[in-house]
Amino acid sequence: MKKFLSIVVVLIAMIGVLSGCGSSNNSAGTNQPAGSKTSAAGSSNTFKIGGTAPLTGSTAIYGVAVKQGAELAVAEVNAKGGIQFELNYQDDQQVAETAANAYNTLKDWGMQIFLSSVTSSPGVATSALAAKDHVFGLTPSASSTDVTKGYNNIFQMCFADPNQGTASAQYMSKNKLGTKIAVIYRNDDVYSTGIYNTFKAEAEKLGLNIVSTTTFTDSSSNDFSVQIKDAQSKGADLIFLPIYYTPASLIFAQAAAINYKPKYFGVDGMDGILTLEGFDKNLAEGVMLLTPFSADAKDQLTADFVSNYKQKYGQIPNQFAADGYDCIYAIYDAIQASHGAITPTMKASDIADQLIAEFAGGFTFSGVTGANMTWNANGQVSKEPKAVVIQNGVYVGMN
C-alpha cells in the first residue's frame, strides 16, 4: 500500500509540472503579458515594441490610425527577413493614469522599445516611467515639450508644440490669411496651451491682429456659442484653432448655424476630422492646417504608403497613420545603422543606450512625414511642415 501511495504521489506531481508547462505555452501563444520584465532580453531574432494609444473614446481616430500605420510598417519590415518586430498596442483612452497602467502591462510583456503615447497628457505620464526604466521611446504624435523635457531617452516623430505655433503664425503672415484673427484654445490641455503660447508670441512679433482670444476646458467642450459670438462681434475673418478635431467639428457646426463663415486654420490635431463619424464634411470645406504629411504628395514613397494602407484598411491614411508608419521605419533604420550593435537579445536599457546614440548623434531618416529628418539632444525632430486645405472632402497641398 505504501508503495502504491508513493507511485500515486509521483504521478500527481508529474501531472502538475506538465500542466504548468502547458499553461505557460498557452499564454505566450495568445500574445498576452507573460510576466517578463522590461529589462529582460527578447528572443534571438525579434524586437518587442510596445505603445499606448486611445483605441477607444473621443480621440480614437488618432490612436487607431497610429496603430494601423505601425502595423503596416511592421508587416513590411518582417517580410524583408532579417530584423523582426513584434508589436503590442494597449488602449490608454487618452487618460494619463490609464496610460501608466498600459505602460506597466507592456513592461510585464517584455517591451524593449517604446513607441510612447499618441497624445500629450498620457505621453507625459509614460515618458516619466520610460525614463525611470531607461527604455527608448519614440512618440508618433505627442507633441508637448513636457513629453521629452528632462529625458534623454524620449524622442518625437511629430513637431513639438512650439514649432507648430510659430509656423502657424508665420504662414498666416506670409500668405496674408486674415486681417482680424480670433483664437479659441483649450486652457486645461498641455497640447493646446503649448501651441497657443508660441503662436501668440510669434504673432505679436509679426504684427498679426488678434482681436479675440477665448478658451474652453474639457468639461465645457460641447457649447462654443460664447467663443463664436465673441469672434464674430469683433469682426474676426480668421479663427485659429490649436485644438483636436472633436471640439473643432462642433465649432464649425455652431458657427454655420448662425451664418458666421470665417476662415479656419488648425494644426496637426485637426487631422482626422474627415473620418469623424457623423461629421458633415461640407462644414470643413476650406479649412487649412499645418501637417507633416499629405496623402496627395507626388513622391513614390508616399504613393506606395497610401496605396498599401488603402488596400489593407480601406481608408486614406491621415498624418497619424503616417507618424506611426515612420516611427517603425526610423527604429528599423537606426538598428541597421548600428551595424550589429543593437540586437534583440539585449536588455531594454542597453538597446536604449544604442538608440539614443543613433538618434542624438546625427542619424538621418527620410520617411512619409519628411525627408532628411534629424533629432536634437532634447528629442525634438527637425523637418518641414506642409500646409494643406480641405477641398471637396480631401486634403490638397498648399504653397
Side-chain angles (χ1 to χ4, degrees), residues 58-62 64-66 68-69 72 141 159 164 167-168 171-172 174-179 181-182 184 224 228 231-232 236-325 368-370 384-399:
S58 62
T59 55
I61 287 175
Y62 299 145
V64 171
V66 167
Q68 290 179 169
L72 178 61
S141 49
F159 296 119
Q164 293 199 72
S168 295
Y171 193 87
M172 289 178 195
K174 177 182 177 181
N175 293 280
K176 297 179 172 60
L177 296 183
T179 58
I181 300 169
I184 303 174
F224 293 94
I228 292 168
Q232 184 184 37
D237 54 2
L238 173 67
I239 298 182
F240 178 51
L241 299 173
I243 59 178
Y244 294 130
Y245 61 83
T246 303
S249 69
L250 296 177
I251 291 171
F252 298 157
Q254 291 171 15
I258 61 171
N259 202 34
Y260 178 37
K261 300 178 181 179
K263 297 175 185 176
Y264 294 101
F265 196 97
V267 287
D268 62 1
M270 191 77 73
D271 200 357
I273 195 166
L274 295 179
T275 54
L276 179 61
E277 186 175 355
F279 176 69
D280 180 0
K281 294 181 181 180
N282 292 322
L283 294 172
E285 186 71 12
V287 170
M288 298 167 282
L289 63 146
L290 286 184
T291 174
F293 171 76
S294 176
D296 71 340
K298 304 306 179 185
D299 64 282
Q300 193 61 49
L301 187 63
T302 299
D304 289 344
F305 166 61
V306 172
S307 176
N308 293 337
Y309 191 93
K310 286 174 65 177
Q311 183 177 359
K312 187 174 180 65
Y313 299 110
Q315 300 172 332
I316 296 175
N318 61 18
Q319 171 223 310
F320 295 89
D323 284 334
Y325 186 83
V368 295
T369 66
E384 290 296 319
K386 301 180 180 74
V388 298
V389 60
I390 297 175
Q391 292 181 351
N392 299 316
V394 297
Y395 296 121
V396 177
M398 300 171 61
N399 294 327

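Note that this is a predicted model, so its numbers are computed, not measured.
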- Message: I'd like to check the side chain to side chain donor-acceptor pair (under 3.5 Å) partners of Y244; sequence neighbours left out, ordered by chain and number.
- Response: none
- Query: Quick one: does Q391's side chain have a donor or acceptor within less than 3.5 Å of a partner on G286's backbone?
  - Reply: no
- Message: Can you confirm whether L241 sits close enough to V287 that some side-chain heavy atom of one is under 4.5 Å from a side-chain heavy atom of the other?
- Response: no
- Message: Any heavy-atom pair between the side chains of I316 and Y395 that's under 4.5 Å?
- Response: no
- Item | Min side-chain heavy-atom separation I390-M288 under 4.5 Å | no
- F293 and V368, any side-chain heavy atoms less than 4.5 Å apart: yes
- With side chains defined as the heavy atoms from C-beta onward, is the minimum distance between V394 and D296 less than 4.5 Å? no
- Query: Mind checking whether D323 and Y62 have side chains closer than 4.5 Å, heavy atoms only?
  - Reply: no
- Message: What I'd like to find out is whether the side chain of D268 reaches to under 4.5 Å of the side chain of F159, using heavy atoms alone.
- Response: no
- Contacts of type side chain to side chain donor-acceptor pair (under 3.5 Å), residue T369, not counting sequence neighbours: D326, K383
- Message: Could you measure the distance from the NZ atom of K281 to the OG atom of S249? Nearest 0.5 Å is fine.
- Response: 13.5 Å
- Query: Backbone N or O of L177 within a donor-acceptor pair of the N175 side chain at under 3.5 Å?
  - Reply: no
- Query: What are the two closest non-hydrogen atoms of K310 and P317, and how far apart are they?
  - Reply: CG-CD, 4.5 Å
- Quick one: side chain to side chain donor-acceptor pair (under 3.5 Å) partners of Y325, sequence neighbours excluded? E76
- Using the ring of each side chain (for Trp, its six-membered ring), is F265 parallel, tilted or perpendicular to F240, with breaks at 30° and 60°? tilted
Only distances under 3.5 Å count here; give the side-chain donor-acceptor pairs of residues 302-309 to other protein atoms, sequence neighbours excluded, each with its distance to 0.1 Å.
| residue | atom | partner | partner atom | Å |
| --- | --- | --- | --- | --- |
| T302 | OG1 | D299 | OD1 | 2.9 |
| T302 | OG1 | D299 | OD2 | 3.0 |
| D304 | OD1 | Q300 | NE2 | 2.8 |
| N308 | ND2 | D304 | O | 3.2 |
| Y309 | OH | Q68 | NE2 | 2.7 |

- When rounded to the nearest 0.5 angstrom, what distance separates CD in Q254 from CD1 in I228? 5.0 Å
- Spacing of L276 atom CG and I61 atom CD1 [to the nearest 0.5 Å]: 5.0 Å
- Query: Do Y171 and M398 have side-chain heavy atoms sitting under 4.5 Å apart?
  - Reply: yes
- Task: Only counting residues at least two apart or in another chain, list the ones meeting side chain to side chain donor-acceptor pair (under 3.5 Å) with T246.
- Result: none
- Taking only residues two or more places apart in sequence or in another chain, which ones pass ring-ring contact (aromatic ring centres under 6.0 Å, His included) with F224? F216
- Atom pair CG (N318) and OG1 (T275), whose distance is rounded to the nearest 0.5 Å: 6.0 Å
- Message: Restricting to non-hydrogen atoms, name the atom on L274 and the atom on G393 that form the minimum distance, rounded to 0.1 Å.
- Response: CD1-O, 3.4 Å
- In V388, L290, L289, the residue satisfying side-chain contact (heavy atoms from CB on, under 4.5 Å) with D271 is L289
